[in-house]
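Just below is one structure, and these are the notes that go with it.
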Amino acid sequence: MARNWTKQQLDAIVDRGHNLLVSAGAGSGKTAVLTERIIRRLCDNENPAEITRMLVVTFTKAAAAELKARISSALNEQLAHDPANRRLARQLMQLDRAKICTIHSFCLDLLREHFAMLGIPADFRVADDAESKLLRQNLMNELIEDYYTAKSIPTEYAIDDFGRLADSLVGVKADDKLADKLLKLYTLFESYRDSIGFLKNFADELKADATCDFGESRCGQVTLRIVSERLEYYRGQLADALPDLMNDDLLSRAYLPAIEQDIDYIREVIRLCSNQDYAGLFQQMNSYSAARLGAVRGASDDVKAIKDKRDRFKKEREKLAKKFCSLTPEKIAANQQRTADMLSQLYRLLALFNERIKKEKHRRAIVDFSDLERLAYTLLVTSDGRPTDTARSISELYDEIYIDEYQDVNSVQDAIFAAVSRENNRFMVGDVKQSIYGFRGAEPDIFQSYRQSYAHLGDSETVSPSGYTIYLSDNFRCDKEIIEFANLVSERLFTNATGALPYYPEDGLVHSKSGEEQGIPVRLLIVAR
């Protein structure tokens with residue numbers, strides 16, 4: 001029986017000629033859409049695709065197996081209606097050869113095909129987690145001992161005061177945790193495009209920041225934006241109370257001067273933030289003196305609400321002052337310089353560790369799972385971020401590239417996919433609200449950056465040279481009460497976040513489940529430990 005697709009689902013299935021980002025909410029049928037798009041491309045009578053010229057990347061082996069099974073079932077169903085169709089029969093026969101795999105499987109195949117270019121042994125194998133963890137632990141412990149004894153440390157990796165670096169990372173009495181801390185940092189940076197080079201670049205940036213006003217630095221700009229945005233909210237709250245105060249002589253005398261003074265104070269703070277003037281902001285935030293409110297007997301609920309707004313503003317202002325404006329510009333500059341020095345030392349340590357572990361892996365003819373992505377990245381992306389000749393050759397092998405769960409990719413994976421794709425053949429599916437692998441290096445802001453740079457498909461006034469976004473908002477899985485509650489929570493959580501992952505109207509789920517519902521209310525249980 002033919003399925004009734006929504007307009008957005010159908011757009012995701014049939015649209016061609018450019019990159020597509022499908023922002024698919026929970027229960028919106030994204031796997032069904034992905035499968036249907038592939039099937040229709042294989043069964044297209046006018047311009048059919050070849051299964052062997054598709055690259056389909058899923059997040060897990062189970063997901064890859066499920067997708068293969070769905071495609072096989074759909075092809076068999078089509079052949080049942082058209083048993084003489086040799087092309088469909090060929091697609092079914094070639095399904096096992098198709099690149100429907102995980103990112104690690106794809107990268108492993110690249111390494112096996114280009115081992116000589118990467119300088120790894122032809123007979124290399126992938127070490128399991130236990131072997132890799134033990135190797136890293138042993139090498140890191142040896143490295144720490146060498147630094148403490150100043151033994152076998154090349155000049156370019158030397159650290160003047162290793163004990164101080166260790167204390168800054170784990171404290172004076174926690175040397176036994178130093179290796180674990182360093183290994184966690186090394187693992188974290190493996191998912192960055194610059195790898196541990198990120199530390200060196202950040203240290204250089206901090207050194208430059210220490211010579212200018214903090215408000216002009218990247219960290220300072222974020223700080224001032226947070227202060228400005230939070231106090232702007234309270235400026236609006238206090239401004240809303242002005243008409244009520246002005247229309248009452250008693251309230252005007254008792255409350256209006258203090259409220260107007262606070263509004264003027266907030267405007268000055270916002271001006272300083274806009275001008276990136278941290279020195280001025282520091283003075284302003286640490287010289288605030290709240291005017292006292294006059295006495296009002298028998299205050300109504302509206303008057304109490306005005307006083308409550310002001311009290312909340314004062315508490316928020318005090319919290320912001322302590323959190324973001326407690327240090328003088330001179331102390332911040334000194335801290336930036338000290339932090340830059342520590343980061344430079346940490347970079348040298350991890351760089352030496354990286355050299356040692358690379359040599360030991362080569363001696364043992366092994367790679368670990370992080371190497372699969374890192375070596376593939378080296379193979380496919382130049383030092384200035386452009387695709388290599390090898391990447392361009394690989395991109396010619398695939399007419400269409402599909403990647404599922406794109407909200408959980410990291411910057412290295414994103415660069416790999418970009419390198420092997422063309423300008424108009426990438427199909428990315430995901431949901432930023434379902435990103436759960438931040439602890440493994442996933443960067444949901446990558447997905448968000450595509451949403452911001454791609455035009456909304458269907459917006460006739462906008463033409464995007466990069467690609468288009470399609471939103472799948474219809475939820476076919478949950479009852480209405482669940483949808484309403486999920487939207488209520490998500491809207492407040494995301495709109496009150498830092499701004500890196502904004503919440504769009506299209507992110508709200510639309511109740512589309514068919515059939516009779518019982519209308520059971522949602523109950524929220526909070527278990528305190």
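One-based numbering along the sequence shown.
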Inset, instruction - Give the minimum heavy-atom separation between Val429 and Ala24, together with the two atoms involved. - result: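 Closest approach of Val429 to Ala24: CG1-CB, 4.3 Å.
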
In this structure, are over 12 heavy atoms from other groups packed under 6.0 Å from [X] atom [atom1]?
{"X": "Lys433", "atom1": "NZ", "value": "yes"}
{"X": "Arg218", "atom1": "CZ", "value": "no"}
{"X": "Asp161", "atom1": "CG", "value": "yes"}

Going by heavy atoms in the side chains, are [X] and [Y] under 4.5 Å from each other?
{"X": "Thr469", "Y": "Tyr450", "value": "no"}
{"X": "Val367", "Y": "Lys361", "value": "no"}
{"X": "Arg451", "Y": "Val432", "value": "yes"}
{"X": "Phe447", "Y": "Val409", "value": "no"}
{"X": "Ile39", "Y": "Ile71", "value": "yes"}
{"X": "Leu182", "Y": "Ile144", "value": "yes"}
{"X": "Gln336", "Y": "Ser217", "value": "yes"}
{"X": "Pro154", "Y": "Leu352", "value": "yes"}

Legend entry - Pair listing, ring pair (Phe, Tyr, Trp, His ring centres under 6.0 Å) test, anchored in residues 352-372, at least two apart: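 Found His104-Phe369, Tyr186-Phe353.
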
Legend entry - Pairs involving residues 59-101, ordered by first then second residue, that meet ring pair (Phe, Tyr, Trp, His ring centres under 6.0 Å) (sequence neighbours left out):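 As it turns out, the ring pair (Phe, Tyr, Trp, His ring centres under 6.0 Å) pairs with a partner in residues 59-101, which skip direct neighbours, are Phe59-Tyr437.
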
Is [X] reaching over with its side chain to a backbone N or O of [Y], donor-acceptor style, under 3.5 angstrom?
{"X": "Ser421", "Y": "Asn425", "result": "no"}
{"X": "Ser473", "Y": "Glu506", "result": "yes"}
{"X": "Thr35", "Y": "Thr31", "result": "yes"}
{"X": "Gln9", "Y": "Ser28", "result": "yes"}
{"X": "Ser168", "Y": "Leu165", "result": "yes"}
{"X": "Asn475", "Y": "His511", "result": "no"}
{"X": "Gln407", "Y": "Pro444", "result": "no"}
{"X": "Thr58", "Y": "Thr60", "result": "yes"}
{"X": "Ser449", "Y": "Ile446", "result": "yes"}
{"X": "Ser344", "Y": "Ala340", "result": "yes"}

Any ion pair linking [Y] and [X] (charged N to carboxylate O, less than 4.0 Å)?
{"X": "Asp341", "Y": "Arg338", "answer": "no"}
{"X": "Arg125", "Y": "Glu131", "answer": "yes"}
{"X": "Glu396", "Y": "Arg392", "answer": "no"}
{"X": "Asp44", "Y": "Arg16", "answer": "no"}
{"X": "Lys184", "Y": "Asp180", "answer": "no"}

Legend entry - Residues which pass salt bridge (Lys or Arg N to Asp or Glu O under 4.0 Å) with Glu373, listed by chain and number, not counting sequence neighbours: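 Glu373 satisfies salt bridge (Lys or Arg N to Asp or Glu O under 4.0 Å) with no other residue.
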
Inset, instruction - Under the side-chain hydrogen bond (donor to acceptor under 3.5 Å, both in side chains) rule, what do Asn410 and Ser191 come out as? Steps first, then yes or no, please. - result: CA-CA 6 Å; Asn410 58 45; Ser191 64; 4.9 Å; no

Inset, instruction - Would you please say whether a donor-acceptor pair under 3.5 Å links the side chains of Gln345 and Arg348? - result: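 Short answer, no.
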
Inset, instruction - Sort and list the pairs that fulfil salt bridge (charged side-chain N to carboxylate O under 4.0 Å, His left out) and have at least one residue in residues 400-423, not counting sequence neighbours. - result: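 Non-adjacent pairs meeting salt bridge (charged side-chain N to carboxylate O under 4.0 Å, His left out): Lys30-Asp404, Lys30-Glu405, Arg41-Glu400, Arg193-Asp414, Asp399-Arg422, Asp414-Arg426.
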
Legend entry - Any pair counted as salt bridge (charged side-chain N to carboxylate O under 4.0 Å, His left out), so long as it reaches residues 138-149, sequence neighbours left out: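 Listed by first then second residue: Asp146-Arg356.
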
Please tabulate, for the side chains in residues 86-101, all donor-acceptor contacts under 3.5 angstrom to protein atoms that are two or more places apart in sequence or on a different chain.
{"unit_1": "Arg87", "atom_1": "NH1", "unit_2": "Leu42", "atom_2": "O", "d": "2.3"}
{"unit_1": "Arg87", "atom_1": "NH2", "unit_2": "Leu42", "atom_2": "O", "d": "3.3"}
{"unit_1": "Arg90", "atom_1": "NH2", "unit_2": "Glu50", "atom_2": "OE2", "d": "2.8"}
{"unit_1": "Gln91", "atom_1": "OE1", "unit_2": "Ile51", "atom_2": "N", "d": "2.7"}
{"unit_1": "Gln91", "atom_1": "NE2", "unit_2": "Glu50", "atom_2": "OE1", "d": "2.8"}
{"unit_1": "Gln91", "atom_1": "NE2", "unit_2": "Glu50", "atom_2": "OE2", "d": "3.4"}
{"unit_1": "Lys99", "atom_1": "NZ", "unit_2": "Asp109", "atom_2": "OD2", "d": "2.4"}

Legend entry - Working for salt bridge (Lys or Arg N to Asp or Glu O under 4.0 Å), residues Asp371 and Arg374: CA-CA 5 Å; Asp371 291 327; Arg374 176 56 55 183; over 6 Å; no

Legend entry - Option from Ile120, Ile394, Leu380, Thr378 for which side-chain contact (heavy atoms from CB on, under 4.5 Å) with His114 holds: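 With His114 as partner, side-chain contact (heavy atoms from CB on, under 4.5 Å) holds for just one option, Ile394.
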
Inset, instruction - Determine, stepwise, if the pair Lys359 / Glu355 fulfils salt bridge (Lys or Arg N to Asp or Glu O under 4.0 Å). - result: CA-CA 6 Å; Lys359 289 180 180 179; Glu355 287 297 316; 5.4 Å; no

Inset, instruction - Could you walk me through whether Asp507 and Ser23 pass side-chain contact (heavy atoms from CB on, under 4.5 Å), step by step? - result: CA-CA 8 Å; Asp507 285 320; Ser23 185; 4.2 Å; yes

Inset, instruction - Show your reasoning for whether ring pair (Phe, Tyr, Trp, His ring centres under 6.0 Å) applies to Phe427 and Tyr402. - result: CA-CA 5 Å; Phe427 185 88; Tyr402 299 85; 5.5 Å; yes

